[in-house]
Amino acid sequence: MLWSRWLVLLLCWGATSGEQSADERDGAADEVRADTRRQRSPPPVEPLDFGFVPAAVYDTHAYYEPASIGILFHMVHAFLYVVQPNNFPKDLIVKVIQQNMGGIKLEEWKKPENVVLLLQWIHYQAGFLVCTTVGVVFVVLIPLIAMCFCVCRCCENCGGEMHQRQRKNADCHRGFFTASLVATTIFIILGVLIAYAANHNVTSQIKSTRRLINTNLRDLKTFANNTPAQIDYLTAQYTTAKNKVLSDLDNIGPLLGGRIHSQLEKEVVPSLDTALRMAGAMRETKEALENVSSSLEVLQDGMGKLQASLTEERASLSNTLSDPACTNGAVSPTCNSIRSTLSQLGVGADFHRLPDVSQAIANVNTVLRTDLSNIVQKGYSSFNDTPRLVKEQTKNIVSALPRVKGMLDKIGTEIIGFSKMFPVEASLANFTIFLNERQKSIEALYPQMDQMDFYRWIGCVGVLCLVVLVLAFNILGLLCGSCGYDKQATPTTRGCLSNTGGNLLMAGVGFSFIFAWVLMAIVTTMFVVGGNVEKLVCEPLANRQLFKIIDTPYLVHPEKKNFLPGMLFQNPNIDLTLGSMYRECYENNGLYHALQLETMFNINSFLNRTVYNKDLAKVLEGVQVDLQDITLLEQAGRDNLINFANSGIGQIDYNAYLAEVNKGVTVVDLLTFSTDLEAQADQLPRGALENALKGHASSIRHIHREQVVPLEQAMSTLNQSIKQLQRTSNDLPVKVTNILSAIDAAEYLITQNASHVVKQETKAYVQSLVGYFKQYTEWVKNSLTAEVAQCKPISNMVDSMEIVACSFIVDSVNTFWFGLGGCCILLIPSIIFSVKLAKYYRRMDTEDVFEDPSYYDSVIRFPRASAPPYDCNW
């Protein structure tokens with residue numbers, strides 16, 4: 001067992017909890033909670049891929065489902081349930097074991113508690129006791145009854161007299177006895193077949209037993225061969241965590257700087273974004289002012305020309321209406337109507353009264369001479385240069401990488417050295433040799449097992465042949481008696497074949513008396529043993545009640561709590577039970593978890609000395625990052641924003657502009673005026689007046705197309721620009737002040753509070769490095785729990801033993817005595833029916849003779865015996 005202890009100690013090394021000491025854990029938890037309240041929780045650690053532990057493939061399938069013989073097994077189980085319907089007496093067995101661990105003495109049974117236990121056991125075994133009593137009575141009485149029966153028949157009683165009285169219903173009796181004996185024989189044949197099937201099942205399952213033995217041994221070899229490779233894989237994967245830590249240390253600038261940058265950008269980037277948007281607003285303001293200036297110039301010039309054109313057109317139209325034709329009574333109203341609308345031909349807005357924006361344009365141009373966008377971009381660049389600053393200021397960390405690598409390599413060496421501290425490979429190699437030797441020894445026993453099974457099979461068949469012999473006499477007797485029976489023959493003149501049939505039946509009766517008690521003794525013995533093994537071992541083993549007995553605390557000794565850890569580790573206080581171990585192995589978990597090896601060896605101290613190295617933390621404690629060189633907005637940019645706020649765009653009279661724009665270019669819509677003028681001209685008689693008016697309408701349309709439309713476009717541009725300027729200038733000083741305040745706050749955060757952010761993010765960065773080791777230790781723990789040294793072979797061995805012992809042997813033995821016992825019980829009616837039926841087939845010495853038919857009735861009541869006629873051949 002030395003190899004098993006070495007294996008246990010080796011597996012202990014992976015008992016990782018990924019935790020530090022209690023004080024360190026509490027301190028770390030408090031710091032994390034404080035950091036969470038101050039700022040935010042640390043970002044999740046990047047998951048590492050440790051791959052998959054080389055898995056062991058086991059061949060044993062410890063499952064058995066009987067074929068057609070399973071019906072017989074269920075019948076036997078049902079019979080045993082009728083005999084023993086009580087639940088498994090777990091508490092009773094525990095009490096018996098606990099009270100008699102010191103040895104069972106005769107005087108101890110006189111104690112009241114032992115008497116109570118004995119009575120409880122008798123109550124539990126009542127069904128078996130009754131059946132056993134019946135079997136014993138059968139064994140005792142059958143020889144006595146046989147002796148009495150023989151003596152009785154020798155005295156010509158009990159059917160021994162060779163005389164048969166003739167009755168009217170003799171054929172009916174003979175038919176009844178024949179049918180009953182046939183039915184009994186058939187049932188006995190079924191019992192023989194059931195017993196033979198059970199006997200043959202044991203032999204046929206020998207091959208399955210060999211297969212289970214071979215696969216279980218092969219699985220144990222696989223377990224022994226794969227475990228060292230799995231442990232080596234666990235130790236080798238430390239390199240994955242180590243390389244990740246070294247890679248992160250080598251890239252401390254981008255990683256730590258990126259963390260600091262991400263933390264600060266929440267305040268910095270929004271302030272720079274507002275400044276950049278204000279730079280865009282400056283350019284838009286310049287464009288808007290230029291549009292206002294150009295549009296205003298166009299409108300002023302165009303409105304003058306439009307006024308002249310409309311004045312000229314109005315004068316020309318007035319001259320046309322002065323034509324003598326307008327004095328005609330029918331035309332005069334139309335002319336007067338047109339004449340009344342001439343005053344509408346004029347301009348609407350007067351843009352000459354609006355103030356000039358040239359001074360505002362000059363101020364904005366002066367502001368734009370400083371490129372605020374470029375200054376803001378410099379602020380972005382300066383802030384985005386944080387990772388470079390961190391890298392520059394953490395060169396001492398990078399320069400310490402060889403020393404850190406040396407420390408990590410030392411940790412890996414300690415882990416590997418710890419795994420090599422025990423001679424696991426040699427122990428497992430010896431274990432493999434042990435398995436090979438045991439396999440050879442077992443295989444050497446196969447011929448002896450086959451020979452023993454052959455002897456067993458011959459013995460069982462021999463026992464069945466005793467029943468078959470009785471069946472042969474019964475069947476031959478029935479055949480000879482039925483075929484040789486002649487209704488016309490008298491009892492003294494029956495034929496030889498019929499007489500032989502009767503003699504064969506009596507021979508069957510004799511052999512039944514000879515063998516019945518022997519067979520019942522065999523049946524009773526097998527019933528008591530096999531039935532109790534089924535109820536007390538197989539059924540509790542199938543539903544794991546047997547494990548609960550073994551796992552009962554203080555079962556073996558009042559001071560030893562658990563039996564299994566006391567046997568394996570000499571420490572009965574470990575909370576390890578056979579049931580829990582079986583469950584873990586049945587689920588194919590690791591032996592480390594199944595045996596709870598973490599209770600034997602505390603691996604936390606080893607991990608605290610190795611993986612959680614304090615020297616590594618000291619290297620990172622020296623991280624100092626100064627962000628004083630970061631400038632978000634230069635003074636020129638600040639002055640530029642202030643000058644823009646004081647550029648004068650807020651003093652422009654936007655309401656005056658909007659009031660003139662809303663007046664429109666002309667007083668009336670010229671298109672509508674020209675359309676109405678044409679409509680009125682159509683009401684006049686055809687002539688020069690009509691044509692002149694239509695010519696004026698055409699001229700007005702031309703004026704609208706050539707002069708009014710461009711002015712409307714310029715007015716629309718002016719309207720849009722004025723509204724844009726109005727929006728920009730609205731609370732412009734307040735906006736600029738807010739931008740400068742936000743930038744000042746961001747710069748204050750960088751210059752004054754950056755040390756806190758750096759400390760916080762450095763701690764998070766260190767936690768991420770430690771997190772890689774935690775991932776490794778947690779992965780080792782999970783691998784040891786579920787993947788390393790998977791102990792499925794142990795549960796397979798238990799299940800295989802249950803299959804072989806219970807399903808192959810006990811069920812077959814119980815089925816054998818079940819069939820044989822039925823045959824023994826049926827031999828009693830077989831004896832009775834055979835004796836009764838033989839009377840109708842055997843040749844009698846005397847018979848009833850009737851001399852006068854008139855005296856038939858009296859002869860029937862008082863028959864006279866006579867000898868058969870003399871024959872010289874007798």
Side-chain angles (χ1 to χ4, degrees), residues 69 72-90 92-93 95-97 100 104 106 109 114 117-144 188 191-192 194-199 201-202 452 455-457 459-464 466-467 515-543 545-546 549 801-802 804-828:
I69 199 172
L72 301 179
F73 291 167
H74 289 306
M75 291 173 57
V76 175
H77 293 163
F79 175 76
L80 289 176
Y81 178 77
V82 173
V83 173
Q84 177 56 282
N86 300 319
N87 294 326
F88 180 67
K90 172 181 173 292
L92 178 59
I93 295 176
K95 290 179 181 178
V96 171
I97 294 175
N100 298 280
I104 300 176
L106 184 60
W109 288 108
N114 289 334
L117 291 178
L118 180 60
L119 293 177
Q120 291 178 348
W121 183 257
I122 292 174
H123 176 266
Y124 172 76
Q125 291 282 14
F128 280 102
L129 293 176
V130 171
C131 293
T132 303
T133 302
V134 172
V136 172
V137 170
F138 188 97
V139 171
V140 173
L141 290 182
I142 287 298
L144 297 177
I188 294 176
V192 172
I194 290 174
Y196 180 79
N199 180 44
N201 183 67
V202 176
M452 294 176 60
Y455 292 151
R456 180 206 56 79
W457 187 87
C460 292
V461 171
V463 171
L464 294 178
L466 300 180
V467 183
F515 299 141
W517 67 278
V518 178
L519 296 176
M520 181 54 74
I522 296 174
V523 169
T524 302
T525 303
M526 297 179 68
F527 165 75
V528 172
V529 176
N532 279 285
V533 170
E534 172 66 27
K535 299 298 290 186
L536 295 176
V537 177
C538 292
E539 285 188 5
L541 186 59
N543 55 25
Q545 290 290 326
L546 199 60
I549 292 180
M801 288 189 291
E802 178 190 354
V804 173
C806 295
S807 299
F808 292 172
I809 298 177
V810 175
D811 283 346
S812 299
V813 169
N814 288 337
T815 305
F816 181 82
W817 64 251
F818 181 76
L820 186 60
C823 295
C824 294
I825 298 298
L826 292 174
L827 284 179
I828 296 177

Evaluate side chain to side chain contact (heavy atoms under 4.5 Å, CB included) for Val461 paired with Tyr196, printing each intermediate quantity in order. CA-CA 7 Å; Val461 171; Tyr196 180 79; 4.2 Å; yes

Side chain to side chain contact (heavy atoms under 4.5 Å, CB included) between Asn201 and Phe73, worked out: CA-CA 11 Å; Asn201 183 67; Phe73 291 167; 3.7 Å; yes

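Within the 4.5 Å cutoff, no side-chain heavy atoms of Cys823 are placed close to those of Leu519. No side-chain heavy atom of Asn199 sits less than 4.5 Å from a side-chain heavy atom of Ser812. Side chains of Leu536 and Gln125 form a contact here, defined as non-hydrogen atoms less than 4.5 Å apart. Residues Asp811 and His77 meet the side-chain proximity criterion, which asks for heavy atoms closer than 4.5 Å. Taking 4.5 Å as the limit, every side-chain heavy atom of Phe138 sits out of range of all side-chain heavy atoms of Thr524. Side chains of Tyr124 and Gln84 form a contact here, defined as non-hydrogen atoms less than 4.5 Å apart. Within the 4.5 Å cutoff, side-chain heavy atoms of Phe88 are placed close to those of Ile549. Between Met520 and Ile825 the shortest side-chain heavy-atom distance falls below 4.5 Å.
Expressed to the nearest 0.5 Å, how far CD of Glu802 lies from CG of Leu541 amounts to 4.5 Å. One distance of note links CG of Asn86 with CD of Gln120; it measures 11.5 Å at 0.5 Å rounding. The line from CH2 of Trp517 to CD1 of Ile522 is 9.5 Å long, rounded to the nearest 0.5 Å. Here the CZ-CG distance, from Phe515 to Leu466, works out to 5.0 Å after rounding to the nearest 0.5 Å. Between atom CG of residue Leu820 and atom CD1 of residue Ile188 there is a gap of 11.0 Å, rounded to the nearest 0.5 Å.
Minimum interatomic distance between Ala805 and Ile809 (heavy atoms only, all atoms of both residues): O-CB, 3.3 Å. Of all heavy-atom pairs spanning Val82 and Pro85, the tightest one is O-CD, 3.7 Å. What you find for Ala197 and Ile69 is that their closest heavy atoms are O-CD1, 3.7 Å. Among all heavy-atom pairs drawn from Val810 and Gly530, the shortest one is CG1-O, 3.9 Å. Nearest approach of Val523 to Trp817, heavy atoms of both residues: CG1-O, 3.8 Å. Contact record, Val83 with Phe128: CG1-N, 3.8 Å, taken as the closest heavy-atom pair.
Centroid-to-centroid, the aromatic rings of Phe818 and Phe527 stay 6.0 Å apart or farther.
For Asn532 (side chain) and Val528 (main-chain N/O), a donor-acceptor pair under 3.5 Å exists by modelled atom type.
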